[in-house]
Amino acid sequence: MKYKSQKVAYWFFALSMLLLTLQIVYGFIMGFARIGMDGLHEFIPFNTARAVHTNLLVVWLLSGFMGAAYYIIPEEAQRELVSVKLAYVQLISLALVGVAAIVGFHLNIWEGRKFLEIPHQLDYLVVANVLLFLALILLTLFRGKRKTTTALVLTMGLLFAALLYLPGMLPFDSQVTDSFFRWWVVHLWVEGVWELIMGGILAFLLIKLTGVDREVIEKWLYVIVGLTFLSGVLGTGHHYYYIGVNKIWLVVGGIFSALEPLAFLAMALFAVNMYRKGEKKHPNKIALFWTLGAAIVSFVGAGLLGFAHTLPQTNLYTHGTLVTAMHAHLAFWGAYAMIVFAIISYSLPNMTGRKLYDGARGRLAFWTTNIGMIGMTMAFGVAGVAQVYLERKYKLDFMEVQNEVSIHFVVLLLCASLFAFGIIMYIIDFVKHGRPTDEALEIIEND
Amino acid sequence: MLSKQQARAFFLIGTFVTFLIFIGLTIYSFSDGQDQTNYENITPQVVRGKVIWEENNCMGCHTILGEGAYYAPELTKVVERRGEGLIKAILMSPVPWEPNGRKMVAYGFSAEEADDMIAFFNWIGEIDLNGFDRIVSPLAKDKQLINSQTEN
């Protein structure tokens, strides 16, 4: 840590960990409901648990990205954050908006549009919150001593993410038009601008951890984000195959979304090659685990598993089945959760001055979460493929099929328990680091 | 070997061009003559049905047009499969509908609200889904086959 104001990041990361814990609790509620244990139905029906689960994911990842930006931007721009006080205001308002939305979901107050369930009134608060965040980041960047590619790509990702929230706020009478523009937000976030954020964080971590020349890393960063947009923007078409719009999307979406794994492959090769090339042996090995892990698991989860059902011929049968949940879990884990874990693991010792990166607990957390999540992905995959054959090929009734595949949800719950154990280990490590302190400024030799 | 300037140019030009094509295709998809949804059939009743659909987050369990949460059945063409009577009964039921032990929230809608939902489902059921409607609703497909055979 080189600047006092970077400490703000700690509290965003702490909020992330808190919301992630809650997200997992609601995941378990859904898992148990799927095997017939839905004792909470009256208070937390499945649709509530589901809205809470996915919205908490978005909020804790955003909180992690914001924390990453508050940590990275001052260091890249070489100056203190323009206002620490306003950053705390932004943190508290983010937490309040999140809590209000979650409470509302339990009281049947929501918009009922997949992933964008936050009601309209709160949307304006989200916009205000994000504008404040962007103002702080942009002012810091432009008043800073230098504007690095890493900082620009990260900021551009955050700025576009904010802009792309707007199409989701437009009202439409047609379910089809509504769905069409909903994907402008959801797809262009996760398969577009969020990858810019991920790329920016990844580049920062690789520069710090491997010691490879910034110019080399940032050149490849441009290539990767270039590939992301080249494939991902028109790849949005894979959501438009079967929702009632023109057949042209079958061709455009099919071709370009099939190219989407290239960006993730490039990211994985890039990270591994920079690690091999690097001469600096940074002592924070656990941050390196998460960094390389994010690049590799995102290629498998987002790239390969996405490709598995993105062609129109396959998607005709898998659209609207558990196959989607299979891809979504490993994709979000690899691409976004793991990169947030990476920046936390890297920055925490620097902010608190406690270098706890040799402990067994950190490695245990890395391996158990990953093995648990891969197991969950496989359980969803087997259930999904069975569902496709039984329901769509053999035309069995929906609930008959659900009963047939419920055994896979027992496996899912077991793997989820392993995953949750790993998360607990990670959070114990987080807590053991203690609070951030200005004294950590003096220990900068390994930053 | 690629320079940083060239890499940046690749990123900026690639992004700009694909965004332009994307916007162009979007405009094309919503231009006259490309509508596959029978847009003119969206009556105020259909819109009321959509509002009920959203206010109760039906997508949080069901899927429609293949989009939703995979916990409860797909509702595209549901009227053809189940008939209006059963759907209305489920929507108006004061106790949770519980097929095979999986509970639906008991919404206890009024008859008028249930009719709005039916209107919404009927409009959804007529959309040309590029072939997905036949995959997702085999019963509707069988019915069509029987109808065409009896006509012959």
Side-chain angles (χ1 to χ4, degrees), chain A residues 30 33-34 36 38 41 45-48 50-51 105 108 110-114 117 149 173-180 215 218-220 222-223 225-226 229-230 233-234 236-237 240-250 252 316-317 319-322 324-325 392 395 398-400 402-403, chain B residues 2-4 7-8 10-12 14-15 18-19 21-22 25-26 28-30 34 36-37 39 42 46-47 50 53-61 63-74 96 99-105 120 123-124 127-133 135-136 138-139:
Chain A
M30 281 191 283
R34 282 193 177 275
D38 64 344
H41 174 81
F46 191 89
N47 57 351
T48 298
R50 154 95 185 189
F105 293 164
N108 211 24
W110 42 20
E111 245 176 50
R113 299 158 71 229
K114 195 176 172 183
E117 285 90 349
T149 301
D173 283 345
S174 162
Q175 178 72 20
V176 173
T177 321
D178 202 308
S179 191
F180 190 94
E215 285 299 298
E218 290 183 341
K219 176 176 84 180
W220 290 109
Y222 272 134
V223 173
V225 293
F229 276 150
L230 206 58
V233 174
L234 289 169
T236 314
Y240 299 158
Y241 295 159
Y242 306 118
I243 64 164
V245 285
N246 203 282
K247 287 186 178 58
I248 195 155
W249 294 106
L250 294 172
V252 176
L316 179 61
Y317 293 94
H319 179 52
T321 67
L322 289 162
T324 313
R392 304 240 159 123
K395 302 177 184 181
F398 179 86
M399 268 316 298
E400 264 180 82
Q402 292 295 306
N403 283 344
Chain B
L2 188 77
S3 72
K4 194 173 169 184
R8 182 166 54 202
F10 164 71
F11 163 60
L12 291 175
T15 304
T18 49
F19 256 108
I21 299 174
F22 183 60
L25 284 172
T26 298
Y28 171 71
S29 288
F30 289 98
Q34 298 303 324
Q36 299 184 181
T37 68
Y39 192 83
I42 302 180
V46 172
V47 176
K50 178 174 180 273
W53 171 265
E54 283 173 359
E55 283 181 348
N56 295 288
N57 193 16
C58 304
M59 233 185 194
C61 295
T63 47
I64 200 158
L65 308 177
E67 297 182 335
Y70 333 118
Y71 185 69
E74 169 69 50
N100 288 316
R102 190 171 284 186
K103 285 189 192 122
M104 174 169 159
V105 176
F120 174 66
W123 172 74
I124 290 277
I127 300 173
D128 172 2
L129 296 177
N130 297 340
F132 182 67
D133 37 350
I135 297 294
V136 87
L139 293 172

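Hydrogens, waters and symmetry mates are skipped; everything else that's a heavy atom, side chains included, is used.
- Taking the side chain as every heavy atom from C-beta outward, A:Gln175 and B:Trp53 approach each other to under 4.5 Å.
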Exercise for review: Go through A:Tyr317 and B:Ile135 one step at a time and tell me if the side chain to side chain contact (heavy atoms under 4.5 Å, CB included) criterion holds.
Suggested key: CA-CA 7 Å; A:Tyr317 293 94; B:Ile135 297 294; 3.5 Å; yes
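- With respect to chain A, the highest number of heavy-atom pairs below 4.5 Å among B:Tyr71, B:Phe11, B:Phe10 belongs to B:Tyr71.
- In terms of heavy-atom pairs under 4.5 Å with chain A, the best-connected choice from B:Glu74, B:Met104, B:Lys103 is B:Lys103.
- Looking at B:Phe22, the atoms closer than 4.5 Å to chain A (heavy atoms on both sides) sit in the backbone and in the side chain alike.
- Options B:Pro99, B:Ala69, B:Gly101 differ in how many heavy-atom pairs under 4.5 Å they form with chain A, and the most are formed by B:Ala69.
- Most heavy-atom pairs under 4.5 Å with chain A, from the set B:Gly131, B:Pro96, B:Gly68: that is B:Gly68.
- Contact count versus chain B (heavy atoms, under 4.5 Å) is highest, among A:Leu322, A:Thr324, A:Asn403, A:Thr321, for A:Thr321.
- With a 4.5 angstrom heavy-atom cutoff, B:Lys50 touches chain A only via side-chain atoms.
- Atom CZ of A:Phe229 is separated from atom CG of B:Leu12 by 10.5 Å, given to the nearest 0.5 angstrom.
- Ranked by heavy-atom pairs under 4.5 Å with chain A, the first of B:Val46, B:Leu25, B:Ile21 is B:Leu25.
- Partners of A:Lys247 by salt bridge (charged side-chain N to carboxylate O under 4.0 Å, His left out), not counting sequence neighbours, listed by chain and number: B:Asp128.
- With a 4.5 Å cut-off on side-chain heavy atoms, B:Met59 and A:Asn47 do not count as touching.
- Taking A:Arg113 as the reference, A:Glu111, A:Asp178 meet the salt bridge (charged side-chain N to carboxylate O under 4.0 Å, His left out) condition, with sequence neighbours excluded.
- Comparing A:Tyr241, A:Trp220, A:Phe180 by how many heavy-atom pairs each has under 4.5 Å with chain B, the most go to A:Phe180.
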